[in-house]
Novice: 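Take a look at this one; I'll ask things after.
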Amino acid sequence: MTSDTDVQLRPRKKGLTRSQRRSLSRGAQYAVFVAAVIAFAVSADWGRLKNQFAQGSIARQMFPDVITLALKNTVLYTLSGFVVGLALGMVIALMRLSSVGPYRWLAGIYIEIFRGLPALLIFIFIGVAVPLAFPGTEIVGGTYGKVALALGLVAAAYMAETIRAGIQAVPKGQLEAARSLGFSPARAMISIIIPQAFRIILPPLTNELVLLFKDSSLVLFLGVTLEERELSKYGRDLASTTANSTPILVAGLCYLLITIPLGFVVRRMEAKAQEAVK
């Protein structure tokens with residue numbers, strides 16, 4: 001029969017420590033990733049990919065129009081939609097925070113509808129339904145005005161909730177201090193609360209700008225002219241003309257010229273915001 005002393009003196013089986021298991025798991029994940037990359041590199045037909053997506057002669061033909069026309073229009077569509085969305089989103093956010101019940105209900109209905117509908121349907125509605133409902137009515141700015149309105153309607157629903165959250169994140173003591181100094185509620189909101197809220201919500205608003213930049217590709221459903229084409233439409237048209245997908249790849253790289261720097265800016269602003277909280 002084994003005594004308690006013998007049990008205590010018996011050497012214990014050594015197993016892997018938690019850090020060793022973590023290192024082993026990480027090494028296995030790296031190994032799987034490297035194996036997947038090697039398998040892809042070996043199995044892919046790089047010659048056919050190059051012929052279809054990387055024809056230098058076709059890519060050179062796209063310049064400078066892909067920058068001076070397509071990219072320029074994409075940026076203009078995005079910025080105009082962002083401005084409309086920001087202005088409308090601010091109004092809807094304030095309506096959501098209003099003490100007047102109908103204002104809150106209307107703002108809530110708007111947000112639920114335009115967040116639930118695909119952006120494509122909004123573009124079709126602006127391009128088809130509005131002219132049918134109001135014959136002879138022209139939206140100011142032509143295609144640029146239509147795109148700004150369509151993108152703005154979509155963006156406003158998301159921006160409104162972001163702005164509302166930012167306003168509510170400002171300490172209530174700020175409003176009370178402003179009122180004690182004789183500020184009216186409207187002036188306190190405009191001069192004290194909203195500026196502080198925008199410092200809080202700047203990263204998500206910048207992220208919304210990135211999303212709008214990609215959504216601007218839906219402009220093709222409005223029936224644009226050759227001079228009004230954005231990157232996606234420009235690339236698709238040239239791809240059909242040349243029977244090659246190189247223009248689509250070049251258009252995609254032009255998108256990355258904007259989205260990658262904006263994404264970096266968003267991450268930097270989020271990091272600074274976290275440091276300020278700490």
Side-chain angles (χ1 to χ4, degrees), residues 65-66 68-96 102-164 201 204-240 248 251-252 254-255 258-259 262:
D65 287 348
V66 69
T68 59
L69 176 67
L71 182 59
K72 181 199 73 173
N73 284 336
T74 300
V75 172
L76 289 176
Y77 292 148
T78 303
L79 293 180
S80 59
F82 183 81
V83 170
V84 173
L86 184 61
L88 184 57
M90 174 63 71
V91 173
I92 295 172
L94 294 176
M95 291 174 63
R96 285 277 284 174
Y103 287 167
R104 294 197 307 272
W105 303 334
L106 287 174
I109 292 171
Y110 177 92
I111 291 171
E112 292 302 324
I113 289 177
F114 283 90
R115 283 199 309 181
L117 288 175
L120 171 60
L121 295 183
I122 306 301
F123 273 82
I124 295 176
F125 175 81
I126 296 298
V128 178
V130 171
L132 289 176
F134 306 98
T137 302
E138 289 290 337
I139 297 176
V140 178
T143 300
Y144 292 94
K146 293 178 182 178
V147 176
L149 180 58
L151 288 177
L153 288 174
V154 175
Y158 295 93
M159 290 185 184
E161 287 295 88
T162 301
I163 295 172
R164 178 185 63 81
I201 64 175
L205 285 183
T206 308
N207 193 50
E208 183 63 31
L209 180 62
V210 175
L211 296 176
L212 283 181
F213 189 77
K214 294 184 291 184
D215 285 343
S216 64
S217 62
L218 298 173
V219 68
L220 63 93
F221 291 97
L222 296 178
V224 296
T225 64
L226 293 178
E227 297 300 319
E228 296 170 340
R229 291 178 297 176
E230 42 70 54
L231 282 172
S232 292
K233 176 67 173 172
Y234 184 83
R236 282 171 37 131
D237 288 348
L238 283 183
S240 299
I248 296 177
C254 289
Y255 275 107
I258 303 296
T259 57
L262 280 178

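Nothing here was measured: the structure is a model prediction, and the numbers come from that model.
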Novice: Considering all heavy atoms of both residues, which atom of Pro204 and which atom of Thr162 are nearest to each other, and what is their separation?
Specialist: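 Looks like CG-CG2, 3.8 Å.
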
Novice: Could you list the donor-acceptor pairs under 3.5 angstrom formed between side-chain atoms of residues 80-89 and any protein atom two or more places apart in sequence or on another chain?
Specialist:
unit_1: Ser80; atom_1: OG; unit_2: Leu76; atom_2: O; d: 2.9
unit_1: Ser80; atom_1: OG; unit_2: Tyr77; atom_2: O; d: 2.9

Novice: What distance do Ile126 atom CD1 and Leu121 atom CG have between them, rounded to the nearest 0.5 Å?
Specialist: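 With rounding to 0.5 Å, CD1 (Ile126) is 12.0 Å from CG (Leu121).
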
Novice: Atom CG in Leu212, atom OG1 in Thr74: separation rounded to 0.5 Å?
Specialist: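 If we round to the nearest 0.5 Å, Leu212:CG and Thr74:OG1 are 12.5 Å apart.
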
Novice: Looking at Leu79, Asn73, Thr78, which hits side chain to side chain contact (heavy atoms under 4.5 Å, CB included) with Val75?
Specialist: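 Looking at Leu79, Asn73, Thr78, the match for Val75 under the side chain to side chain contact (heavy atoms under 4.5 Å, CB included) is Leu79.
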
Novice: Counting neighbours of OH on Tyr103 that are heavy atoms of other residues, nucleotides or ligands and sit closer than 6.0 Å, is the number greater than 12?
Specialist: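 No.
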
Novice: Apply the test side chain to side chain contact (heavy atoms under 4.5 Å, CB included) to residues Ile122 and Leu218: give CA-CA distance (whole Å), side-chain angles for both, the deciding distance (0.1 Å), then the verdict.
Specialist: CA-CA 10 Å; Ile122 306 301; Leu218 298 173; over 6 Å; no

Novice: Where do Ala107 and Arg96 come nearest, in terms of heavy atoms and distance?
Specialist: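 For Ala107 and Arg96, the tightest heavy-atom pair comes out as CB-CG, 3.5 Å.
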
Novice: Enter the distance from Ile258:CD1 to Leu209:CG here, rounded to the nearest 0.5 Å.
Specialist: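 Output value for this atom pair is 9.5 Å.
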
Novice: Who pairs with Ser240 by side-chain contact (heavy atoms from CB on, under 4.5 Å), at least two apart in sequence or on another chain?
Specialist: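 Applying side-chain contact (heavy atoms from CB on, under 4.5 Å) to Ser240 gives none.
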
Novice: Look only at the side chain of Ser217 and the backbone of Ser232, and say whether a donor-acceptor pair between them is shorter than 3.5 Å.
Specialist: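 Not a single qualifying donor-acceptor pair exists.
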
Novice: Restricting to non-hydrogen atoms, name the atom on Ala156 and the atom on Ile92 that form the minimum distance, rounded to 0.1 Å.
Specialist: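 In this case the closest contact between Ala156 and Ile92 is CB-CD1, 4.3 Å.
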
Novice: Nearest 0.5 Å, please: how far is CG in Leu205 from CD1 in Ile201?
Specialist: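 Spacing of CD1 (Ile201) from CG (Leu205) equals 4.0 Å.
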
Novice: Restricting to pairs with a member in residues 211-221, which pass salt bridge (charged side-chain N to carboxylate O under 4.0 Å, His left out), not counting sequence neighbours?
Specialist: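 Found none.
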
Novice: Taking ring-ring contact (aromatic ring centres under 6.0 Å, His included) as the cut-off, I'd like each qualifying pair that reaches into residues 204-238, sequence neighbours left out, listed once.
Specialist: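 Listed once each, the pairs are Phe213-Tyr255.
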
Novice: Show the numbers, then the answer: is there a side chain to side chain contact (heavy atoms under 4.5 Å, CB included) between Leu71 and Val66?
Specialist: CA-CA 6 Å; Leu71 182 59; Val66 69; 6.0 Å; no

Novice: Charged N to carboxylate O under 4.0 angstrom, Arg164 versus Glu161?
Specialist: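 So Arg164 pairs with Glu161 through a salt bridge.
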
Novice: Holding to ring pair (Phe, Tyr, Trp, His ring centres under 6.0 Å), I want the full list of residues that pass it with Tyr158, two or more places apart in sequence or in another chain.
Specialist: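 Counting only residues at least two positions away or on another chain, Tyr158 forms no ring pair (Phe, Tyr, Trp, His ring centres under 6.0 Å).
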
Novice: Any chance you could measure Ile111, atom CD1, to Met159, atom CE, to the nearest 0.5 Å?
Specialist: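 Between Ile111 CD1 and Met159 CE, I get 13.0 Å after rounding to 0.5 Å.
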
Novice: Mind checking what makes side-chain contact (heavy atoms from CB on, under 4.5 Å) contact with Leu94, not counting sequence neighbours?
Specialist: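 Leu94: side-chain contact (heavy atoms from CB on, under 4.5 Å) contacts with Met90, Ile167, Met189.
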
Novice: List the residues meeting side-chain contact (heavy atoms from CB on, under 4.5 Å) with Pro102, not counting sequence neighbours, and say none if there are none.
Specialist: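 Pro102: side-chain contact (heavy atoms from CB on, under 4.5 Å) contacts with Val100, Trp105.
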
Novice: Can you name the side-chain hydrogen bond (donor to acceptor under 3.5 Å, both in side chains) partners of Arg229, sequence neighbours left out?
Specialist: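 Arg229 satisfies side-chain hydrogen bond (donor to acceptor under 3.5 Å, both in side chains) with Asp237 once adjacent residues are dropped.
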
Novice: side-chain hydrogen bond (donor to acceptor under 3.5 Å, both in side chains) with Glu228: which residues, sequence neighbours excluded?
Specialist: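 So Glu228 forms a side-chain hydrogen bond (donor to acceptor under 3.5 Å, both in side chains) with Thr143, Thr225.
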
Novice: Testing the basics here: between Tyr110 and Gly152, what is the closest heavy-atom pair and its distance to 0.1 Å?
Specialist: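 Smallest heavy-atom distance, with atoms named: OH-O, 4.5 Å.
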
Novice: What residues form a salt bridge (charged side-chain N to carboxylate O under 4.0 Å, His left out) with Glu208, not counting sequence neighbours?
Specialist: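 None.
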
Novice: How would you list all residue pairs meeting salt bridge (charged side-chain N to carboxylate O under 4.0 Å, His left out) that involve residues 104-119, not counting sequence neighbours?
Specialist: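 Those involving residues 104-119 are Glu112-Arg115.
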
Novice: Name all residues meeting the salt bridge (charged side-chain N to carboxylate O under 4.0 Å, His left out) criterion together with Arg236; count only those two or more places apart in sequence or in a different chain, and write none if there are none.
Specialist: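 With neighbours one apart ignored, the set is empty.
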
